[in-house]
Amino acid sequence: MKKQLVTRYQGNPILTKDDIPYPVQTVHNAGVTKFNGRYMMLFRSHLDTGRSIIGLAESEDGFNFKARSEPFMVPEKETLFAEYEAFGVEDPRITYLEDAYYITYSAYSQHGVRIGLAMTLDFESVERVAFITQADYRNNVLFPEKIDGRYVKLDRPHSDISPWSVWISYSPDLRHWGDSRLVMKPVPYHWDETKIGPGAPPIRTDKGWLSIYHGVFPTMAGHVYRLGAALHKLDDPAQILGVGDRWILQPEDPWEITGYVPNVVFTCGAVPEDDGTLKLYWGGADQVMCAGTAVIDELVNLCLNDSRTAI
Ligand code: BMA
């Protein structure tokens, strides 16, 4: 049997709606980062309107989280942002970049879904920066440093013609983005054949940027969401050095197989540790938050030694 690349935390699920001090229906698809030695988790929750908000939970060890008493981000009511967030804010990713924590999130409205960029210095207050895509885009991750003088992001536009794929774009100032190109596509009759999207913000390794993404496969009983790994070249992340041929995580635990949306593992965050491991966080069945660990080198080796085509 092949080695499991992600080891599930024994105490999963690590956060559920019962742990949240205000009424929510789900706790899932959370971005996670370290701030002053503590783990900060921004999680998505469905309300009983069917629309989503973002909450904050904190932890000393990365596994035992305590939620704050109030939500962290709810749709804007007044500013320019209000029109594009009216249907909810979803799936936050956090990138520590130049002494600030940047949050990319999906903003839903009658005009479609687009990516909002927000920023916090202290996880007390949060400031909207800009919308950094038009509709329809989701799954935006920022690289944690400038590359060749520019900021870099991956995201996933929607398309009727091509399967939904991962694109890269560049910016001089985090607000204006361009030089976009497609870097990775689903592969037919493969576990990620229907659509793919960036998951956790890329992690720097000696051999390249490690990107953990989700891939979707259609079955007679609905779609299955799994996680895989890809490696981007350090000084030119538009070049993919390898995409792991096999998934690294699939729905297996009862709370991943059954829930709000069955058969889903979906990540928005992973935290690299000094010992060469990472903590990976994923939503189970769009209902609860789960965690696990992986050895970074093993994920990198999967991308390099057991690779499928990128495009
Ligand atoms: C995607 C998004 C995610 C969700 C996933 C599985 O299209 O809506 O937020 O986790 O589907 O339902």
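Note that ligands are numbered from 1 as they come in the structure, with each ligand's atoms numbered from 1 the same way. These numbers were taken from a predicted model, which means no experiment stands behind them.
Contact shell of ligand 1 (protein heavy atoms, cutoff 4.0 Å): Asn29, Arg44, Asp91, Arg138, Lys195, Tyr225, Val261, Val264, Phe266, Asp286.
Checking side-chain atoms of Arg44 against main-chain N and O of Gly31 turns up no donor-acceptor pair under 3.5 Å. A donor-acceptor pair is defined here as one N or O able to donate and one able to accept, closer than 3.5 Å; no such pair exists between the side chain of Trp167 and the backbone of Met184.
In this pair, His214 and Tyr225 present their aromatic rings tilted. The plane angle is within the 30 to 60° band.
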Considering only distance and modelled atom types, tabulate donor-acceptor pairs under 3.5 Å from the side chains of residues 122-130, sequence neighbours left out.
unit_1	atom_1	unit_2	atom_2	d
Asp122	OD1	Thr120	OG1	3.4
Asp122	OD1	Glu124	N	2.9
Asp122	OD1	Ser125	N	3.2
Arg128	NE	Glu85	OE2	3.3
Arg128	NE	Tyr105	OH	3.4
Arg128	NH2	Val74	O	3.0
Arg128	NH2	Glu85	OE1	2.7

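Taking a cutoff of 4.0 Å between a charged side-chain nitrogen and a carboxylate oxygen, Glu58 and Arg38 qualify as a salt bridge.
Atom CG of Asp206 has 12 or fewer heavy atoms from other residues, nucleotides or ligands within 6.0 Å.
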